[in-house]
Visitor: 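Handing you a structure now.
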Amino acid sequence: MSVAPPPSPGSDRPHAAVVYAGVHGSTRSIAAYLAARLADRGMEAEVLPAEAVGDPSVYDVFVVGSAVHDMAWLPQALAFFHANAALLAERGVWLFSVGMPAALRGPWRALVAKEESHVIGALVDRLHPRGHRLFSGVLEPEHLTRVGRVKFQAMGLSYGDYRDWSAVDAWAREISDDMERRRHKEADENHF
């Protein structure tokens, strides 16, 4: 699923790989939306499943996300990071996680901050990302095991679509604005 063609040699537009790992479609839909918003703001953006990234060296920047299952990123996303950590740290990377923070109520809401640091703590230490966002996805009963459904109901939570497209759009603006500032800074430095 590409939003823009693969990076064109010689283009002065930044080339972004929006890489994702997901199971039920929420993470893929958020990745595609992010890429479309980045493309709207002048970047070339390609959406790629983590296991399908060919030559990552052709990209200027990376936006990488994963669904969160059992308070951890999916193995495909982690494998992509381990295989490309040096390149990601050098080129720049933004991270996003897709869980269910918006579904949490009352005392469960306090767990969000703990979950976020637990899920990406090691990645932050290794990659020094330019940013991270925890988005909510879609949760339906069939996404959970029987035990998971019982726990979910015991917590008084509701199934549904919790994606916040305005939050995703705002983050895409932050990423493209940061890239634009960096490009201007590099241009100024190379001019002198």
Side-chain angles (χ1 to χ4, degrees), residues 1-69 72-99 116 119-135 137 163-165 167-187:
M1 166 193 321
S2 284
V3 171
S8 320
S11 172
D12 64 346
R13 295 170 60 194
H15 306 134
V18 182
V19 179
Y20 71 91
V23 176
H24 301 292
S26 292
T27 308
R28 181 184 64 241
S29 68
I30 290 170
Y33 189 85
L34 270 168
R37 299 297 66 81
L38 292 173
D40 289 346
R41 296 182 62 84
M43 296 175 74
E44 290 186 38
E46 187 173 359
V47 181
L48 300 160
E51 64 276 7
V53 178
D55 178 7
S57 69
V58 300
Y59 299 99
D60 299 315
V61 68
F62 298 86
V63 180
V64 184
S66 177
V68 176
H69 289 198
W73 270 31
L74 297 178
Q76 306 94 301
L78 295 173
F80 175 77
F81 273 118
H82 295 304
N84 300 291
L87 179 67
L88 296 173
E90 173 192 322
R91 299 278 171 96
V93 62
W94 282 267
L95 309 176
F96 71 97
S97 302
V98 179
E116 188 171 4
V119 168
I120 64 156
L123 297 175
V124 169
D125 294 342
R126 186 162 182 205
L127 298 174
H128 307 287
R130 295 179 182 170
H132 173 261
R133 290 296 183 277
L134 174 59
F135 296 114
R163 292 173 294 183
D164 181 347
W165 298 114
V168 178
D169 189 52
W171 196 51
R173 272 194 310 276
E174 285 181 39
I175 293 170
S176 62
D177 289 348
D178 182 73
M179 285 297 298
E180 190 64 25
R181 279 190 300 275
R182 289 173 188 273
R183 286 180 61 208
H184 285 298
K185 183 180 177 184
E186 287 175 13

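All values reported here derive from a predicted model rather than from experimental measurement.
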Visitor: Quick check: closest heavy atoms across Ala35 and Ala45, and the distance to 0.1 Å?
Guide: O-CB, 3.5 Å
Visitor: I would like to know whether Val64 and Phe96 meet side-chain contact (heavy atoms from CB on, under 4.5 Å); could you show each step before the answer?
Guide: CA-CA 6 Å; Val64 184; Phe96 71 97; 6.0 Å; no
Visitor: Do Gln76 and Pro49 make a side-chain contact, defined as non-hydrogen atoms from C-beta onward lying under 4.5 Å apart?
Guide: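 SC-SC contact between Gln76 and Pro49 ruled out.
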Visitor: Taking the side chain as every heavy atom from C-beta outward, state whether Arg13 and Asp60 have any pair of such atoms under 4.5 Å apart.
Guide: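 The answer is no, as the side chains (C-beta and beyond) never meet within the 4.5 Å cut-off.
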Visitor: Which heavy atom of Ala21 sits nearest to which heavy atom of Ala50, and what is that distance?
Guide: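 In this case the closest contact between Ala21 and Ala50 is CB-CB, 4.4 Å.
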Visitor: Per the side chain to side chain donor-acceptor pair (under 3.5 Å) rule, what does the pair list look like for residues 29-40, sequence neighbours excluded?
Guide: Ser29-Arg163, Arg37-Asp40
Visitor: Under the side chain to side chain donor-acceptor pair (under 3.5 Å) definition, can you give me all pairs with a residue in residues 89-98, not counting sequence neighbours?
Guide: Trp73-Ser97, Ser97-His132
Visitor: Please give me the minimum heavy-atom distance between Gly65 and Ala77, naming the atom from each residue.
Guide: O-CB, 4.5 Å
Visitor: Considering only NZ, NE, NH1 and NH2 on the basic side and carboxylate oxygens on the acidic side, decide whether Arg173 and Asp169 come within less than 4.0 Å.
Guide: yes
Visitor: With His128, which residues qualify under ring-ring contact (aromatic ring centres under 6.0 Å, His included), at least two apart?
Guide: none
Visitor: When you compare the side chain of Leu88 with that of Phe80, does any pair of heavy atoms fall below 4.5 Å?
Guide: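 Touching, per the 4.5 Å side-chain cut-off.
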Visitor: Does the side chain of Arg130 come within less than 4.5 Å of Glu174's, by heavy atoms?
Guide: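 Side chain of Glu174 against side chain of Arg130, heavy atoms only: no contact under 4.5 Å found.
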Visitor: Which pair of heavy atoms, one from Leu34 and one from Ala172, lies closest together, and at what distance?
Guide: CD2-CB, 3.9 Å
Visitor: Does Phe62 reach the side chain of Leu87, with side-chain heavy atoms less than 4.5 Å apart?
Guide: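 Result yes, sub-4.5 Å side-chain heavy-atom pair found.
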Visitor: So, using salt bridge (Lys or Arg N to Asp or Glu O under 4.0 Å) as the criterion, who are the partners of Glu51 when residues are at least two apart?
Guide: none
Visitor: Which atoms form the tightest heavy-atom contact between Ser26 and Val98, and what is the distance?
Guide: CB-CG1, 4.0 Å
Visitor: Looking at CZ of Arg133 and CG of Leu95, how far apart are the two atoms once the value is rounded to the nearest 0.5 Å?
Guide: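 One gets 11.0 Å once the value is rounded to the nearest 0.5 Å.
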Visitor: Does some side-chain heavy atom of Leu48 sit less than 4.5 Å from a side-chain heavy atom of Tyr20?
Guide: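 Not touching, per the 4.5 Å side-chain cut-off.
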Visitor: What residues form a ring-ring contact (aromatic ring centres under 6.0 Å, His included) with Phe135, not counting sequence neighbours?
Guide: Trp171
Visitor: For residues Leu38 and Val63, determine if any side-chain heavy atom of one lies less than 4.5 Å from a side-chain heavy atom of the other.
Guide: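 Sidechains of Val63 and Leu38: in contact.
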Visitor: Can you see which heavy atom on Val18 is nearest to which on Ala31, and at what distance?
Guide: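 So the minimum-distance heavy-atom pair works out to CG1-O, 3.5 Å.
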Visitor: Please enumerate all residues that pass side-chain contact (heavy atoms from CB on, under 4.5 Å) together with Pro75, with sequence neighbours excluded.
Guide: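 Applying side-chain contact (heavy atoms from CB on, under 4.5 Å) to Pro75 gives none.
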